[in-house]
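Order of appearance sets the numbers: ligands from 1, and atoms from 1 within every ligand.
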Amino acid sequence: MAIQDLPVVTSPFTPQVSDEDPLDLIEEIEALKKREDATILAHFYVGGEIQDIADFTGDSLKLARDATKVTTKTIVFAGVHFMAESAKIMNPEKRVLLPDLHAGCSLAESCPADRLKSYQETLRAQGREFETVAYINTTAAVKSLCDWIVTSGNAREIIETKVDKNKEILFVPDQHLGRYITEVTGRPMILWPGSCMVHEVFSLQDLNRAKKNNPGALVMAHPECPPNLLSVADVVGGTEKMRQYVFARKEPTKFLVATEANMIHPLQKIAPWHEYIPVPGIMTDTGETCACNKCPHMALNTLAKVRDCLRDGKPEISWQPYFEQARFVLDRSLLK
Ligand code: 13P
Ligand code: SF4
């Protein structure tokens with residue numbers, strides 16, 4: 001078969017290009033929002049042009065809480081699947097749309113519900129008494145098997161104040177966040193071996209090179225980064241903590257930011273007096289850096305797809321029977 005006869009396979013991560021004028025798209029989105037009685041929520045990791053038209057932006061914790069304050073009939077969640085699923089779970093009566101159903105998450109994928117269930121059964125058969133704590137970056141099926149749900153913003157508080165002190169902790173699926181929380185709380189954990197494909201690939205060597213090239217710069221890193229990176233960070237925190245930190249610091253500072261590159265947008269917006277340098281992904285032999293500090297799942301969100309999902313009323317998150325139990329766990333963990 002000649003090469004031109006091979007079927008064209010498009011990856012779900014093919015760069016999203018559109019020749020539509022962004023200003024026209026924004027106008028269309030505004031009109032459709034009114035027509036469909038919709039509210040747009042956007043995570044800090046989607047493109048700045050989407051964050052700018054959203055009604056609510058935030059980290060995973062704030063957006064999960066914001067979703068419960070929405071008064072319109074429809075929520076458009078510009079983020080990834082587990083986030084839209086959580087919004088639906090907390091608002092069963094609302095229509096929740098996700099601009100692209102392929103927007104998954106490497107952490108959520110690393111912990112399938114059937115594997116977690118059988119691991120929990122193995123631990124129980126060994127007579128171990130434990131509570132399962134899940135990072136919010138999990139499927140609803142996994143959430144329904146857990147005792148607590150945490151985000152990067154409240155993991156410490158939940159471990160310190162809610163989890164039974166007389167039991168072991170099984171923490172899923174982010175081993176790096178789990179290890180970091182163990183360090184700050186002193187609670188040992190059984191760690192699921194998952195990690196985020198974006199934070200996992202920052203290299204210490206490249207970060208050290210960036211530090212050398214930017215003397216005096218402070219390193220800010222997300223707790224999803226591996227421990228060798230966290231060990232050289234001046235500030236460790238989730239995306240909302242990063243935002244609060246730069247706002248509180250009035251002295252103009254250079255920050256090396258070790259998280260998804262779109263995070264620079266809200267940092268620049270809230271504290272424009274600092275300079276932000278995204279920590280690059282791995283450097284290749286030819287001296288170029290990969291674009292791996294961009295989450296390919298978050299990047300599936302585009303203005304055109306926000307417009308399309310509002311116009312067509314799909315893709316929509318549909319209610320599943322296990323959402324009921326996931327709701328109980330999410331409510332007791334995230335709502336104050
Ligand atoms: P936070 O915004 O809660 O820090 O989460 C980061 C993340 O990886 C979301 O997918
Ligand atoms: Fe998942 Fe990482 Fe993308 Fe967040 S940045 S959605 S944790 S793959």
ask   = Is it true that a side-chain atom of T259 and a backbone atom of A221 form a donor plus acceptor pair closer than 3.5 Å?
value = no
task = Using atom types as modelled and distance alone, determine if a side-chain donor or acceptor of K117 lies under 3.5 Å from a backbone N or O of P112.
result =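 Not a single qualifying donor-acceptor pair exists.
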Check against salt bridge (Lys or Arg N to Asp or Glu O under 4.0 Å), D59 and K241 = CA-CA 9 Å; D59 67 343; K241 183 170 169 190; over 6 Å; no
task = Run the contact test for E224 against ligand 2 with a 4.0 Å cut-off on heavy atoms, strictly below, and give the result.
result = yes
Should you measure from each heavy atom of [X], which atoms of ligand 1 turn up under 4.0 Å away?
| X | value |
| --- | --- |
| H43 | 1 (P), 2 (O), 5 (O), 9 (C) |
| Y45 | 6 (C), 7 (C), 8 (O), 9 (C) |
| M83 | 9 (C), 10 (O) |
| G238 | 4 (O) |
| E224 | 6 (C), 7 (C), 8 (O) |

Between [X] and [Y], is there a side-chain N and carboxylate O pair less than 4.0 Å apart?
| X | Y | value |
| --- | --- | --- |
| E36 | R95 | yes |
| D308 | K314 | no |
| E160 | R156 | yes |

So for ligand 1, is [X] a polar contact partner (N or O within less than 3.5 Å, distance only)?
| X | value |
| --- | --- |
| S152 | yes |
| H222 | yes |
| D59 | no |

task = Over 60° means perpendicular and under 30° means parallel, so classify the ring planes of H199 and Y45, tilted if in between.
result =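 Plane angle between 30° and 60°, so tilted.
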query = Do the ring planes of F247 and W273 sit parallel (below 30°), tilted (30 to 60°) or perpendicular (above 60°)?
reply =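 Ring orientation, 0 to 90° scale: tilted.
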Heteroatom test (N, O or S) for C196 near atom 2 (Fe) of ligand 2, limit 2.8 Å = yes
query = Once you round to the nearest 0.5 Å, how far does SG of C196 lie from CG of N137?
reply = 8.0 Å
ask   = Atom CD1 of I136 and atom CG of L330: how far apart are they, to the nearest 0.5 Å?
value =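 Here the interatomic distance stands at 5.5 Å.
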query = What part of T239, side chain from CB on, backbone N/CA/C/O, both or neither, has a heavy atom under 4.0 Å from ligand 1?
reply =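 It is both parts that get close, each with some atom under 4.0 Å.
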What protein heavy atom sits nearest [atom], and how far off is it?
| atom | value |
| --- | --- |
| atom 7 (S) of ligand 2 | N137 ND2, 3.1 Å |
| atom 10 (O) of ligand 1 | N137 ND2, 3.4 Å |
| atom 5 (O) of ligand 1 | S60 OG, 3.4 Å |
| atom 1 (Fe) of ligand 2 | C105 SG, 2.4 Å |

Atoms of ligand 2, numbered as shown, that sit under 4.0 Å from any heavy atom of L107 = 7 (S)
Worked verdict on E85 versus K88 for salt bridge (Lys or Arg N to Asp or Glu O under 4.0 Å) = CA-CA 5 Å; E85 213 177 35; K88 176 70 184 176; over 6 Å; no
inquiry  = Using a 4.0 Å heavy-atom cut-off, which part of E260 comes near ligand 2: side chain, backbone, both, or neither?
reply    =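 For E260, no heavy atom sits under 4.0 Å from ligand 2.
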message = At under 4.0 Å between heavy atoms, is it the side chain or the backbone of C295 that contacts ligand 2, or both, or neither?
response =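 Looking at C295 and ligand 2, just side chain atoms fall under 4.0 Å.
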